[in-house]
Amino acid sequence: MWPDRRLCDVLGIEHPIIQAPMAGSATPTLAAAVSNAGGLGSLGCAEMAADALLTHVGELRALTNRPFNLNFFAHPAPRPDPVRFARTREAVLPWYRRFGLAEPASAASPHGPGFDATRLKLLLELKPKVVSFHFGVPDRASLAALKTAGIALMSTATTVAEAKALAAAEIDVIIAQGWEAGGHRGSHEPRVPSDGVGTFALVPQIADAVRLPVVAAGGIGNGRGIAAAFALGACGVQIGTGFLSCPEAGTDATRRAMLRNAAETDTMMTDAFSGRAARAMRSDYAREMERAGLDLPDFPSMYDLSEPLLGAVDSRAASFLLYGQAARFNRELPAPELVACYVEEAAAVFARLKT
Ligand SMILES: Cc1cc2nc3c(=O)[nH]c(=O)nc-3n(C[C@H](O)[C@H](O)[C@H](O)COP(=O)(O)O)c2cc1C
């Protein structure tokens with residue numbers, strides 16, 4: 001039924017529906033359920049330590065023998081900048097006082113790059129069918145080693161220039177992530193939160209610019225969105241927010257409640273939590289920090305200052321609840337049923353458009 005099977009062929013899957021790798025929210029149970037339903041399940045391995053990664057992949061492999069995707073952040077190590085850290089500390093201090101918290105950290109904790117030799121070695125041992133990256137790609141030698149091991153590589157582009165850079169790095173699949181998307185924007189360089197291109201404008205321009213399979217991500221929540229992605233030139237979709245309401249997801253109770261009554265205006269783009277732009281539910285803290293327009297510590301050092309604020313008070317005051325602009329379409333269905341709904345709805349739209 002799919003009008004373009006390139007993604008299915010490259011990834012070895014039945015339906016061109018990728019469950020987005022959502023660090024902290026995508027569990028092995030969710031990923032396995034999606035893969036078993038014919039889509040591509042993904043695990044967000046961003047901050048995962050090696051032993052946790054091994055445990056998660058073991059759990060996943062016990063539940064499915066279908067292809068799955070392991071996802072990593074490809075950001076460089078944050079540059080130490082005590083002056084910027086101290087200035088930002090001054091800005092968050094009133095929030096600590098307001099929430100009755102102890103003093104903020106006075107210096108950034110040590111952080112390495114998002115992808116390193118340890119992760120590469122693990123992947124070459126684990127040999128998942130697919131590996132994807134966010135925030136660019138690691139060095140050429142790492143990419144070549146992964147490709148030689150027979151692993152299909154995907155990475156995110158938020159502009160045409162980023163898509164061209166991924167094509168030049170010989171990535172196999174490009175995920176065109178629009179402004180509507182929940183979670184971190186995969187921009188290769190940090191950008192101000194107000195700087196973004198929507199899915200409807202981005203996907204066809206990337207599809208015209210590169211010869212690779214393009215996957216549309218951002219604001220897709222039902223069969224109409226999936227069919228539209230194909231009309232725009234994509235040969236698959238990556239959906240994150242839509243899977244957050246599945247019982248298999250690791251979504252916390254607060255966010256599940258928010259998603260039950262979600263509206264298209266719930267969220268905003270903010271870098272006030274991690275130092276990189278991400279779409280999350282609006283909160284007083286995020287709004288005021290965006291208004292202040294500070295030059296924040298590099299990702300992920302900003303977490304050293306923001307993390308104590310989360311959960312200190314109610315989520316309207318400060319929270320980092322990541323979800324996208326199409327959350328209204330969320331359904332509380334087991335993941336296999338949700339995938340089946342997406343397939344059935346998309347088929348109905350394709351059939352209707354043919355007449
Ligand atoms: C809760 C959440 C966490 C996310 N974490 C990651 C991640 O770890 N790695 C990644 O590549 N993308 C991540 N994303 C972005 C998704 O890959 C994808 O671009 C986005 O979910 C698509 O838009 P949608 O949420 O409207 O479906 C995350 C998205 C959400 C909602």
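When a ligand or atom number is given, it counts from 1 through the structure's own listing order.
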Hey, is R255 touching ligand 1 through its side chain, its backbone, both or neither, going by heavy atoms under 4.0 Å? side chain
Nearest candidate to atom 15 (C) of ligand 1, where distance is taken over non-hydrogen atoms, out of G240, G182, A217: G182
When you measure from the heavy atoms of G218 to every atom of ligand 1, does any distance fall below 4.0 Å? yes
At under 4.0 Å between heavy atoms, is it the side chain or the backbone of N71 that contacts ligand 1, or both, or neither? side chain
Tell me whether R119 forms a cation-pi arrangement with F72, defined as NZ or CZ under 6.0 Å from the six-membered ring centre and within 45 degrees of its axis. no
Is R97 salt-bridged to E103, cutoff N-O under 4.0 Å? yes
Are E264 and R328 ion-paired here, with the side-chain N under 4.0 Å from a carboxylate O? yes
Any heavy atom of A23 under 4.0 Å from ligand 1? The part involved is both
Does a side-chain N-to-carboxylate-O contact under 4.0 Å join D284 and R287? yes
Side chain or backbone of M22 under 4.0 Å from ligand 1, or both, or neither, by non-hydrogen atoms? both
D172 pairs by salt bridge (Lys or Arg N to Asp or Glu O under 4.0 Å) with which of K129, K147, R211? K147
Below a 4.0 angstrom heavy-atom separation, can you tell me which part of F73, side chain or backbone, both or neither, approaches ligand 1? side chain
